[in-house]
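Being a predicted model, the structure only gives us computed values, none of them experimental. Whatever order the structure lists ligands and atoms in, that order sets their numbers, starting from 1.
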Amino acid sequence: MNQKLILEFPNSISVSVKREDLIHPFVSGNKFRKLKYNLLQAKDENQEILLTFGGAFSNHIAAVAYAGKENGFRTIGIVRGDELRDKIAENPTLLFAQNCGMEFVFVSREEYRLKNESSFLENLEEQFGNFYLIPEGGTNELAIKGCQEILTEEDADYDFICCSIGTGGTIAGIINSALPHQKVLGFPALKGDFLKDEIRIFTQNNNWDLITDYHFGGYGKINEHLIAFINQFHLKNNIPLDPIYTGKMAFGIMDMIEKNYFPDQSKILLIHTGGIQGIQGMNKKLKNKQLPTIDIHV
Ligand SMILES: *Cc1c(COP(=O)(O)O)cnc(C)c1O
């Protein structure tokens, strides 16, 4: 569903939001798209276990835990951060995943960096037997195939398609299905210039660009400015945004409209990739630092 913002923008620009955050109550947005064909593949292979990786507040961990339960898989999450072992009860994301039946292996940050090495995976196979491996963030060929279904025929009229980026899988799918007259703009939620190469692994098209000015200092980093923007946006449009991904993208687009980046009469579509489950965990951190929090209800 595309929701047009009723706000007035200068130069007859219009902005709509594709509400991918609403496609499933627990497996929201792009994580649903990325898992769809992977779940089918795991079933085809008669796999019984899904194994994947993620950080403390990972939308992907939460999504795999729930989708695994719904589809009859045992799920195992390799979680970055040894210290989280004793803090599951305080962490809304991990608690949710555990309640879905996910089993955790907590590893140090150093160990976590080795997660793609064969010795690391062999150890896990010794421990758990065969499993279907879903990479960190869920990005693989089948995930891109799922993300190619985000844009549909009803989106042919938009000039700009905007999307937040973590690993680049989601935007690669969107780029593949965008039409030649459309420009896809990606907003990295983290610092680093490796993303262009990552995206090019999965797409040959060139109708896209990265906007790298709105990562707010890096992955998971936020400030009071961003929180105020997210709360304002929610209040005005009745659309919640998450602080890690979609909030930064929407902030960027509004700033770019103000700075006349977009031609007159541009029709802009924001992809709301979900991530709302992460707000609770972020609010706990903000409260501890005595900073303003993100409104869950307005
Ligand atoms: C995971 C995630 C992203 C990033 O998707 P990639 O395919 O890794 O680029 C963007 N938005 C939300 C809400 C996410 O949870």
Side-chain angles (χ1 to χ4, degrees), residues 17-24 26-38 52-67 77 80 92-93 96-97 134-151 161-177 184-192 194-203 208 210-212 214-216 218-220 222 226 230 233 239-253 270-282 294:
V17 179
K18 184 175 278 293
R19 298 294 306 270
E20 293 276 297
D21 55 318
L22 300 178
I23 57 180
H24 188 287
F26 296 109
V27 190
S28 79
N30 63 343
K31 300 306 183 284
F32 181 93
R33 303 287 184 185
K34 293 172 98 168
L35 284 172
K36 177 179 167 187
Y37 290 106
N38 277 294
T52 197
F53 307 91
F57 300 101
S58 165
N59 296 325
H60 173 66
I61 286 279
V64 170
Y66 193 90
R80 184 181 62 229
T93 301
F96 171 81
I134 305 177
E136 183 181 39
T139 292
N140 58 16
E141 287 286 345
L142 291 173
I144 311 300
K145 181 177 171 189
C147 291
Q148 286 170 192
E149 296 174 357
I150 293 174
L151 290 181
I161 318 284
C162 304
C163 171
S164 175
I165 302 181
T167 62
T170 304
I171 196 170
I174 289 172
I175 292 165
N176 285 342
S177 57
V184 180
L185 298 179
F187 293 73
L190 64 167
K191 274 198 249 183
F194 57 95
L195 277 169
K196 277 209 161 165
D197 296 333
E198 296 286 310
I199 294 166
R200 285 203 190 98
I201 296 173
F202 295 108
T203 184
W208 58 281
L210 297 190
I211 308 290
T212 55
Y214 300 101
H215 56 63
F216 285 78
Y219 186 75
I222 64 171
L226 181 65
I230 288 172
F233 191 93
I239 301 175
L241 298 171
D242 84 292
I244 312 285
Y245 295 105
T246 56
K248 293 181 180 181
M249 168 194 62
F251 184 101
I253 291 158
L270 278 61
I271 310 297
H272 193 322
T273 39
I276 299 306
Q277 73 85 28
I279 293 177
Q280 253 190 307
M282 180 60 83
I294 299 158

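A cation-pi arrangement is present between K31 and Y245 under the rule of less than 6.0 angstrom and at most 45 degrees off the ring axis.
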Ligand-protein N/O pairs under 3.5 Å (ligand 1):
{"from": "ligand 1", "atom 1": "5 (O)", "to": "N30", "atom 2": "ND2", "distance (Å)": "2.9"}
{"from": "ligand 1", "atom 1": "5 (O)", "to": "T170", "atom 2": "OG1", "distance (Å)": "3.4"}
{"from": "ligand 1", "atom 1": "7 (O)", "to": "K34", "atom 2": "NZ", "distance (Å)": "2.5"}
{"from": "ligand 1", "atom 1": "7 (O)", "to": "G169", "atom 2": "N", "distance (Å)": "3.4"}
{"from": "ligand 1", "atom 1": "7 (O)", "to": "T170", "atom 2": "N", "distance (Å)": "2.8"}
{"from": "ligand 1", "atom 1": "7 (O)", "to": "T170", "atom 2": "OG1", "distance (Å)": "2.6"}
{"from": "ligand 1", "atom 1": "8 (O)", "to": "K34", "atom 2": "NZ", "distance (Å)": "3.3"}
{"from": "ligand 1", "atom 1": "8 (O)", "to": "T167", "atom 2": "N", "distance (Å)": "2.7"}
{"from": "ligand 1", "atom 1": "8 (O)", "to": "T167", "atom 2": "OG1", "distance (Å)": "2.6"}
{"from": "ligand 1", "atom 1": "9 (O)", "to": "G166", "atom 2": "N", "distance (Å)": "2.8"}
{"from": "ligand 1", "atom 1": "9 (O)", "to": "T167", "atom 2": "N", "distance (Å)": "3.2"}
{"from": "ligand 1", "atom 1": "9 (O)", "to": "G168", "atom 2": "N", "distance (Å)": "2.8"}
{"from": "ligand 1", "atom 1": "11 (N)", "to": "T273", "atom 2": "OG1", "distance (Å)": "2.7"}
{"from": "ligand 1", "atom 1": "15 (O)", "to": "K31", "atom 2": "NZ", "distance (Å)": "2.7"}
{"from": "ligand 1", "atom 1": "15 (O)", "to": "N59", "atom 2": "ND2", "distance (Å)": "2.7"}

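Residue E149 qualifies as enclosed at atom CD: its count of foreign heavy atoms under 6.0 Å is above 12. The environment of NZ in K196 is crowded: more than 12 heavy-atom neighbours from other residues, nucleotides or ligands sit within 6.0 Å.
In this structure, F96 and Y66 have parallel ring planes: the angle between them is below the 30° cut-off, well short of the 60° mark.
Applying the side chain to side chain contact (heavy atoms under 4.5 Å, CB included) criterion to I175, with sequence neighbours excluded, gives I171, V184, I199, T203, N205, N207, W208.
A donor atom on one side chain and an acceptor atom on the other are not found under 3.5 Å apart for N30 and E20.
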